[in-house]
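Following: one structure in structure tokens, then a few remarks.
Numbering of residues begins at 1 and proceeds along the displayed sequence. All ligand and atom numbering here is 1-based and tracks the order in the structure.
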Amino acid sequence: MNKKLLHTVLFAWFRKHGRILPWRMRELSALHKAKKISKTKVSVLRDSTIASYFTTKWNRDPYTIIVSELMLQQTQVDRVLPKFESFIRKWPTVHDLSKAKLSEVLIEWKGLGYNRRAKFLHEMAHAVVHTHKGNFPKTEEELRKLSGVGEYTARAVLTFAYGKDIGVVDTNIRRIFSRVMFGKEAGQVDISTKEFFAVIDQSVPRGKGDPWNQALMDFGALVCTAKAPKCDVCPLQTVCIANLSEQKHGFRNYADSLATKNKKINIKKSGAKKIPFKQADRYFRGKVIDILRDGHQHMEKLYQQVERDHKLRDKKRWGNIIESLMIDGLIAIRGSTVSLA
Ligand code: SF4
């Protein structure tokens with residue numbers, strides 16, 4: 001595909017429809033201002049924020065990038081927004097976070113789920129302050145040594161904080177490239193992950209890694225979505241291989257073909273047995289942490305509360321859940337008392 005065309009089309013779309021998100025702002029104070037001003041002014045702020053990605057060389061704080069990326073790993077943007085703001089207000093810098101107790105971070109994490117991420121952030125802050133003298137590493141290899149930072153998050157820091165021209169390969173971006181360039185769904189493309197990453201890296205326009213990755217992320221979240229892509233209004237509909245090939249097969253667009261396939265898959269799936277979330281270990285682990293956020297508990301009383309309120313009636317399973325929380329370093333047990341670590 002013609003890269004120049006791809007850049008022109010997606011950047012034009014991004015300037016018009018890009019999202020305003022606090023971790024993208026030059027200063028968080030701009031966000032607080034945005035809350036107090038009128039809708040017209042918010043749109044002016046959005047336009048100027050997006051324009052700044054294209055015109056200014058500036059660094060965002062790697063700390064806020066990592067906090068937002070960890071929060072976003074398994075939680076939707078709408079739920080992350082208020083938690084991100086209050087987290088950053090409480091610990092505005094990595095130094096502040098490094099001084100906090102893990103139990104405080106776990107309390108603040110309430111509502112986000114997957115509590116291990118709070119522990120990772122806490123460990124990351126310690127490592128940056130004590131091992132790296134307060135400076136975030138600047139290579140992918142070093143960044144990945146930090147707790148909770150995998151390939152995706154390291155690349156996000158490199159491009160969003162340091163302006164490196166590399167791809168940030170999240171599920172949205174993987175999906176867009178799979179459809180637009182290969183006419184398939186992510187995971188069905190016949191090339192290795194390394195080759196796929198190379199295609200994504202090569203697509204990054206020079207000096208514009210930051211807005212390019214943001215544009216792709218927004219495009220994947222708002223237009224080329226997983227289940228119901230909006231091919232009808234998509235600015236890439238005339239060049240997207242998935243769309244063109246399904247049109248050749250008689251479908252109106254790729255979205256219609258995908259809906260037909262998904263319908264068949266859902267019929268098959270409805271026969272399969274699925275464990276309800278409220279019976280999963282993850283659910284009970286979350287409930288234990290929720291209870292401990294209000295203070296330490298006697299082990300037996302804690303079990304009785306989980307048994308009564310959340311219907312966990314299996315002492316062996318209870319033991320495994322408590323053990324897994326201990327192994328993950330989220331809780332501490334002293335005698336018969338359990339508390340957040
Ligand atoms: S035409 Fe449809 S599948 Fe192709 S990029 Fe646009 S939204 Fe995605």
Side-chain angles (χ1 to χ4, degrees), residues 1-21 24 46 50 53-54 72-73 76-78 152 155-156 159-160 165-206 208-269:
M1 170 169 304
N2 181 329
K3 271 198 266 174
K4 220 170 174 187
L5 174 78
L6 192 63
H7 298 155
T8 310
V9 171
L10 280 184
F11 276 149
W13 176 88
F14 182 54
R15 284 182 190 271
K16 221 168 158 191
H17 303 283
R19 294 175 296 180
I20 183 163
L21 297 168
R24 289 183 179 174
R46 189 192 68 83
I50 289 177
Y53 304 159
F54 292 90
L72 289 163
Q73 267 174 18
Q76 288 181 338
V77 170
D78 288 354
Y152 165 76
R155 281 173 162 248
T159 190
F160 299 144
D165 287 337
I166 52 168
V168 180
V169 192
D170 74 345
T171 41
N172 281 341
I173 296 181
R174 207 181 273 262
R175 183 171 61 248
I176 296 167
F177 277 84
S178 302
R179 288 174 177 173
V180 175
M181 302 235 174
F182 300 95
K184 297 189 173 177
E185 281 299 298
Q188 294 172 349
V189 176
D190 273 345
I191 56 171
S192 68
T193 307
K194 201 175 161 197
E195 288 167 319
F196 193 69
F197 271 56
V199 170
I200 292 176
D201 280 347
Q202 282 156 19
S203 79
V204 180
R206 258 183 91 195
K208 293 195 167 61
D210 177 358
W212 179 241
N213 284 298
Q214 309 274 15
L216 285 169
M217 282 177 175
D218 285 5
F219 186 73
L222 303 173
V223 179
C224 195
T225 58
K227 288 187 184 150
K230 298 179 180 68
C231 304
D232 274 342
V233 293
C234 174
L236 295 176
Q237 57 180 280
T238 54
V239 289
C240 167
I241 293 180
N243 195 45
L244 295 176
S245 100
E246 291 310 309
Q247 282 176 338
K248 274 188 203 150
H249 287 104
F251 287 98
R252 199 169 56 90
N253 54 33
Y254 182 69
D256 278 7
S257 138
L258 191 67
T260 310
K261 279 183 204 149
N262 285 342
K263 216 173 174 180
K264 284 185 193 156
I265 293 170
N266 287 340
I267 291 169
K268 269 192 194 165
K269 268 191 190 165

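The aromatic rings of F182 and F196 lie tilted to each other, with the angle between the two planes from 30° to 60°.
A side-chain donor from one of S203 and W212 sits under 3.5 Å from a side-chain acceptor of the other.
Close contacts of ligand 1 with V180, meaning ligand atoms under 4.0 Å from a residue heavy atom, involve 5 (S). Near Y254, meaning under 4.0 Å from one of its heavy atoms, ligand 1 places the atoms 3 (S). Atoms of ligand 1 found under 4.0 Å from any heavy atom of R179 (numbered from 1 in listed order, with element): 3 (S). Those atoms of ligand 1 that come under 4.0 Å of a heavy atom in Q237, given as number and element, are 1 (S). In the vicinity of P229, heavy-atom distances shorter than 4.0 Å reach the ligand 1 atoms 7 (S). The distance from ligand 1 to the heavy atoms of N243 drops below 4.0 Å at these ligand atoms: 1 (S).
By the 4.0 Å N-to-carboxylate-O rule, R179 lies close enough to E185 to be salt-bridged with it.
Distances from atom 7 (S) of ligand 1 to the heavy atoms of S257, A228, C234 show the closest one on C234.
For the pair R175 (side chain) and C224 (backbone), a donor-acceptor distance under 3.5 Å is present. Within the 3.5 Å criterion, the main-chain N or O of G167 finds no donor-acceptor partner in the side chain of N213.
When only non-hydrogen protein atoms are considered, atom 2 (Fe) of ligand 1 lies nearest to C231 SG, 2.4 Å.
Not a single N/O/S atom of C224, whether from backbone or side chain, sits less than 2.8 Å from atom 2 (Fe) of ligand 1.
With a 4.0 Å heavy-atom cut-off, ligand 1 is reached by the side chain of C240 but not by its N, CA, C or O.
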Where do Q214 and D210 land on the side chain to side chain donor-acceptor pair (under 3.5 Å) test, with the steps shown first? CA-CA 6 Å; Q214 309 274 15; D210 177 358; 3.3 Å; yes
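Rounding to the nearest 0.5 Å gives a distance of 11.0 Å between CG of L10 and NE2 of H17.
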